[in-house]
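Notes for the one structure printed next.
Numbering of ligands and ligand atoms starts at 1, following listing order. We use all heavy atoms of the structure for the numbers below, so side chains are in, but hydrogens, waters and symmetry mates are not.
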Amino acid sequence: MQVQLLCSLVAAASLTLADSSNAAPATLQNVNYGAFTQTATYSIANQLGFFTAYGLNVTYLQVPNSTYGYAQLLNGGYDIITGTIDNAVNLRFNSKNNLTVIGQLDQGPELSIAAIPNITDPTQLQGLSLMVDSPVSGYAYILRKVLSLYGLYLEKGDYTFQTVGSTNIRYADLVAGHLPNGTPVYATILTYPFTSEAMAVVPTTQRPNIIARVTDFIQPFSSSAFTIREAALGNSTERAIIRCFMAAMYAANQYLASESQKSQKCSIGAIAAQLNVSTAVATSAYNSAIDPLTGETSNPGGNFTVNRQGLLNVIDVRSQFGGFASVPAHFNYAQAIVPGAGKLIDYTVTDEAIAATNSYKPKGNCS
Ligand SMILES: *[C@@H]1O[C@H](CO)[C@@H](O)[C@H](O)[C@H]1NC(C)=O
Ligand SMILES: *[C@@H]1O[C@H](CO)[C@@H](O)[C@H](O)[C@H]1NC(C)=O
Ligand SMILES: *[C@@H]1O[C@H](CO)[C@@H](O)[C@H](O)[C@H]1NC(C)=O
Ligand SMILES: *[C@@H]1O[C@H](CO)[C@@H](O)[C@H](O)[C@H]1NC(C)=O
Ligand SMILES: *[C@@H]1O[C@H](CO)[C@@H](O)[C@H](O)[C@H]1NC(C)=O
Ligand SMILES: *[C@@H]1O[C@H](CO)[C@@H](O)[C@H](O)[C@H]1NC(C)=O
Ligand SMILES: *[C@@H]1O[C@H](CO)[C@@H](O)[C@H](O)[C@H]1NC(C)=O
């Protein structure tokens with residue numbers, strides 16, 4: 001048996017079975033995990049013991065903005081990142097960066113345009129400046145798409161962009177009503193879990209309004225994707241870390257999907273603990289996470305497969321606004337999204353991860 005495929009407390013990647021039965025002290029492998037939001041799957045893996053059961057010490061590194069986050073991935077600061085797949089499409093097709101998507105986590109749960117309380121309709125955004133992470137990546141293009149359907153165009157000067165940073169920062173600024181330097185803010189794209197968190201904002205005079213849901217305009221939509229450096233696939237140490245991380249996330253994701261009474265209760269508890277929110281907010285977030293169209297259990301096959309039509313919609317929206325300016329003429333997108341070695345998507349390490357899951361189940365009843 002190939003020990004390198006095991007992921008457990010004593011299975012440091014380089015040990016053989018004989019070594020591990022000679023019981024060196026239990027070692028955890030360190031993983032630097034970059035993420036924009038603390039997803040339900042992550043919350044369950046972290047709070048309910050999956051990471052430890054797979055031999056991992058996962059350090060959650062909050063991505064401040066996509067430019068920085070993907071640079072960290074490429075320079076080795078992060079072992080793996082979850083971010084919207086549009087970033088990977090942009091960096092791979094426009095900039096020829098060697099990053100690889102190894103799975104899809106979700107299809108944009110709670111993805112919506114949220115505004116300050118006195119703005120109730122997208123047309124009221126005319127003439128205003130809207131907060132984005134980066135004007136050329138992530139969710140900027142879907143914001144442009146939805147607003148274009150209300151007759152508002154960035155390129156015609158109907159509104160402008162404020163480059164602010166990732167969703168947690170934009171959410172905080174939206175609730176405050178201004179940037180830290182006092183500049184007023186009006187609206188932005190929010191994702192899981194911030195639309196749920198918004199309902200807990202008191203006073204209501206600060207509570208963001210959801211003025212459009214992206215699912216009403218773009219469906220399906222491939223969003224958070226597990227993304228790595230392509231070179232990590234060819235390095236046995238790095239590959240083993242990614243395999244175990246994916247095995248733990250897969251097991252946690254299956255737990256989220258199981259919807260047994262116990263798993264429901266424990267999942268909500270894990271979300272509440274991870275996000276430090278009330279049970280009511282965590283229950284709303286849980287319901288988003290298991291939404292069959294957008295949630296973390298919506299991927300075809302339940303095994304982190306990318307929704308092909310969802311990815312084509314990402315590409316389509318980006319192309320509508322000139323987002324492939326550095327891609328050669330006659331580029332074959334249909335061929336470029338077929339999974340395979342050296343391609344945008346490569347599932348091989350995820351397939352190994354699914355085969356490497358163990359029998360761990362959270363103990364107790366989460367009361
Ligand atoms: C986990 O990783 C963190 C950050 O690298 C480190 O400070 C901590 O000691 C590690 N814990 C274990 C149990 O290995
Ligand atoms: C992105 O984050 C990095 C690291 O915190 C920061 O130095 C940089 O200014 C940020 N960029 C933008 C556009 O906010
Ligand atoms: C990606 O890898 C290819 C093939 O090894 C190489 O030619 C290219 O320069 C790399 N791209 C970047 C941005 O480093
Ligand atoms: C909402 O309030 C902001 C500032 O508080 C103001 O600039 C904006 O015009 C108002 N919008 C509407 C639609 O009332
Ligand atoms: C493989 O990755 C490990 C951990 O990042 C690194 O120390 C090692 O130098 C890499 N090996 C090669 C051949 O690049
Ligand atoms: C959790 O939230 C409560 C109240 O909302 C706050 O007082 C507390 O400091 C938070 N805890 C952490 C660890 O952030
Ligand atoms: C994952 O699910 C897809 C869609 O059902 C299926 O085609 C694929 O073979 C599955 N992959 C694994 C590794 O089970």
Run through all N or O atoms in ligand 2 and write down each protein N or O closer than 3.5 Å, as a pair with its distance.
{"from": "ligand 2", "atom 1": "2 (O)", "to": "Asn65", "atom 2": "ND2", "distance (Å)": "2.4"}
{"from": "ligand 2", "atom 1": "11 (N)", "to": "Asn65", "atom 2": "ND2", "distance (Å)": "2.9"}
{"from": "ligand 2", "atom 1": "14 (O)", "to": "Asn65", "atom 2": "ND2", "distance (Å)": "3.4"}

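- Each of the following atoms of ligand 3 lies closer than 4.0 Å to a heavy atom of Asn98: 1 (C), 2 (O), 3 (C), 8 (C), 10 (C), 11 (N), 12 (C), 14 (O).
- Aromatic rings from Tyr60 and Tyr42 are positioned such that their centres are separated by under 6.0 Å.
- The shortest N or O to N or O distance between Asn303 and ligand 7 is under 3.5 Å.
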>> Walk me through whether Glu230 and Arg92 qualify under salt bridge (charged side-chain N to carboxylate O under 4.0 Å, His left out).
In response: CA-CA 11 Å; Glu230 185 179 330; Arg92 180 129 197 150; 3.0 Å; yes
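- Short contacts between ligand 3 and Asn97, defined as distances under 4.0 Å to a heavy atom of the residue, involve ligand atoms 13 (C).
- Here the closest non-hydrogen pair linking Arg170 and Met131 is O-CE, 3.5 Å.
- Residue Ser95 has no nitrogen or oxygen atom sitting less than 3.5 Å from a nitrogen or oxygen atom of ligand 3, judged on distance alone.
- Every atom of ligand 7 is numbered from 1 in the order shown, and the set under 4.0 Å from a heavy atom of Thr305 is 1 (C), 2 (O), 3 (C).
- The side-chain heavy atoms of Ser326 and Ser95, taken from C-beta on, include no pair separated by under 4.5 Å.
- Just one of Ile142, Leu143, Asp86 meets the side chain to side chain contact (heavy atoms under 4.5 Å, CB included) condition when paired with Val317; it is Ile142.
- Distances below 4.0 Å separate heavy atoms of Asp351 from the following atoms of ligand 7: 13 (C).
- Note that Arg144 lies outside the cation-pi zone of Tyr153, set by a 6.0 Å cut-off to the ring centre and a 45° limit from the axis.
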>> Evaluate Ser196 against Glu110 for side-chain hydrogen bond (donor to acceptor under 3.5 Å, both in side chains), listing each step before the verdict.
In response: CA-CA 8 Å; Ser196 287; Glu110 302 194 9; 2.5 Å; yes
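- The six-membered or imidazole ring of Phe93 lies near that of Phe331, with a centre-to-centre distance under 6.0 Å.
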> Step by step, would you call Tyr347 with Ile345 a side-chain contact (heavy atoms from CB on, under 4.5 Å)?
Replying inline: CA-CA 7 Å; Tyr347 292 125; Ile345 301 172; 3.6 Å; yes
